[in-house]
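Per chain, numbering begins at 1; letters A, B, ... match sequence-line order. Here the structure is a predicted model, which is why all the values come from computation and not from measurement.
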Number of protein chains: 2
Amino acid sequence: MQLAVSTVIFALREDEQSARRRGPELWLPLVVRVRDPYDGHWALPGGPLREDEGLADAAARTLAETTGLRPAYLEQLYAFGAPERGGAAERVVSIVYWALVGSEEAARARVGQNVRWLAAERLPRLAFDHNLIVDYALWRLRTKMTYARIAHAFLGETFTLRELREVHEIVLQRDLDPANFRRQVEADAAVVPTDEFRTGGRHRPARLYRYNTAIEPVDLGPLTPRPAAPTHTDAAPGGAAQHRTSKQRSRP
Amino acid sequence: MQLAVSTVIFALREDEQSARRRGPELWLPLVVRVRDPYDGHWALPGGPLREDEGLADAAARTLAETTGLRPAYLEQLYAFGAPERGGAAERVVSIVYWALVGSEEAARARVGQNVRWLAAERLPRLAFDHNLIVDYALWRLRTKMTYARIAHAFLGETFTLRELREVHEIVLQRDLDPANFRRQVEADAAVVPTDEFRTGGRHRPARLYRYNTAIEPVDLGPLTPRPAAPTHTDAAPGGAAQHRTSKQRSRP
DNA sequence: CCAAAAGTGTTTCAGCTACACCCATGA
DNA sequence: TCATGGGTGTAGCTGAAACACTTTTGG
């Protein structure tokens, strides 16, 4: 019997191939298997747990080794251990994590013949029970997005409320009222306004916001004391991409 | 490295020793360790995973072997695998489940020198990281009780709304308005009225209710398809204890 | 009769939703 | 000046909370 750690990694990306689809979607990096069982099938990045390594550390390590990514959010998802799930091979119990990475970090991902991004909504048949795992991770992401402050993990250090709202809209698959979304976000102090604005659109500049690292996210698991200090969540560095940034005074 | 499965088992019990405390509280059965590390300390029931056994099956088996209990609710809690948690012994990764058992089933538990019930709120120092695990399970129980229909797992097949409300009050540690509680429970069809009433108190008889097995509980994990059919939840048999039961017509 | 819990009705308040409207910018 | 999104105001609905009140039993 073997113990492995795997990770479902989500990022928002545009479809570079088909021009039909518009706007970013949820994608995840997968690794192709090069031996039986499931030779040639896509599988979640992962690997065996090392002797002196924590579970989350193993997730972060295997994830970095295969994709080169450093996630902004990492949380344990579930342990899978049905005896049949190995598919005729030696039995494997997998402790699965799920991770979120920002768009800029995702663009830096090391892809190639063995590693590729696939759209979460239209996956082929994956190796083992990995389709079930991805579906569960998607469900967890959507459920948690409605009550926890995790959307910023898909974005850079600062972001406009529109950008934050679009993350919610893509993940939850429905439009949100901009006015009400603004008020909800401003209500809890999870996100704080900066003095900077995003200009460049042919419209009024939008204020940039920053994630409030003082307020901490909702449960990351038992290892983070319930009302507590930061650990896993580690904001991705970098600023804006195709927009300029200007500093202005906030209204008196 | 070793893989084990343990379970945090909750039941509502009266304190039989100290007459000072009144009303039931959350208790859990623990097992005393008979060798190092933590020789003599209390620990969660559990054991190694067998080769051809699912994770939940292992939890149910070890739980039954040590305590004789058959839980009404069983769900995976978390996987614990920090390298240091073994305390100088061989490293152990534990996949921990949490379970609820009804009061009658709890009374049938096999206790003795090695197995004993302890009050969840005033535990001694347990073996390994088991205090942390129990605290997390307690937090999960309380969180889930507020939105999921799991309270009936502490009760028999039929119950009055007062009994159901008292379960909530004990777990959530606050009083609930009987009128509002009634309406909330009746609003979702999770619980259905029977034609029977609990008599014997010096007051108006209370209608007995039954859990609606057609409506299914909120997420039990990835293995239960999201809106789906029963699996783990297996209602404990048996009826009322110290009260008579009478059959009456419901009002026209 | 009284005490006690079962069960019903009603008012109030907070939060969410929908949507009208003004503001600031680039072209 | 117009189109576009940024940002504000507000009326209406819904559900939770608080609490007054009626009903039915045992003593």
* **By side-chain hydrogen bond (donor to acceptor under 3.5 Å, both in side chains) - contacts of A:Asp188 (at least two apart)** => A:Arg149
* Specify the separation, in whole Å, of atom CZ of A:Arg198 and atom C1' of C:dA24. => 17 Å
* Distance in angstrom units between A:Arg202 CZ and D:dA3 C1', rounded -> 6 Å
* Between residues 166-192 of chain A and DNA chain C, which residues have a heavy-atom gap below 4.0 Å? -> A:Asp177, A:Ala179, A:Asn180, A:Arg183, A:Gln184
* To do: Go through the structure and list residues passing ring pair (Phe, Tyr, Trp, His ring centres under 6.0 Å) with A:Tyr209, not counting sequence neighbours.
  => none
* Where does the angle between the aromatic ring planes of A:Tyr211 and A:His152 fall among parallel (under 30°), tilted (30 to 60°) and perpendicular (over 60°)? -> parallel
* Asked: Among all residues two or more places apart in sequence or in another chain, which pass the side chain to side chain contact (heavy atoms under 4.5 Å, CB included) test with B:Arg162?
  -> B:Thr160, B:Arg165, B:Glu166
* Asked: A:Arg162 CZ to C:dT25 P: how many Å, rounded?
  -> 17 Å
* Structure fact -> Quick note, A:Arg207 side chain, CB onward, closest among C:dA24, C:dA5, D:dG7 is D:dG7
* **Set of residues satisfying side chain to side chain contact (heavy atoms under 4.5 Å, CB included) with respect to A:Gln173, sequence neighbours excluded** => A:Glu121, A:Arg142
* To do: Not counting sequence neighbours, which residues clear side chain to side chain contact (heavy atoms under 4.5 Å, CB included) with A:Ala64? List them please.
  => none
* Take atom CD of A:Glu163 and atom P of D:dG7, then tell me their distance rounded to the nearest Å. => 11 Å
* Side-chain donor/acceptor contact of B:Arg204 with base of D:dT23 under 3.5 Å -> yes
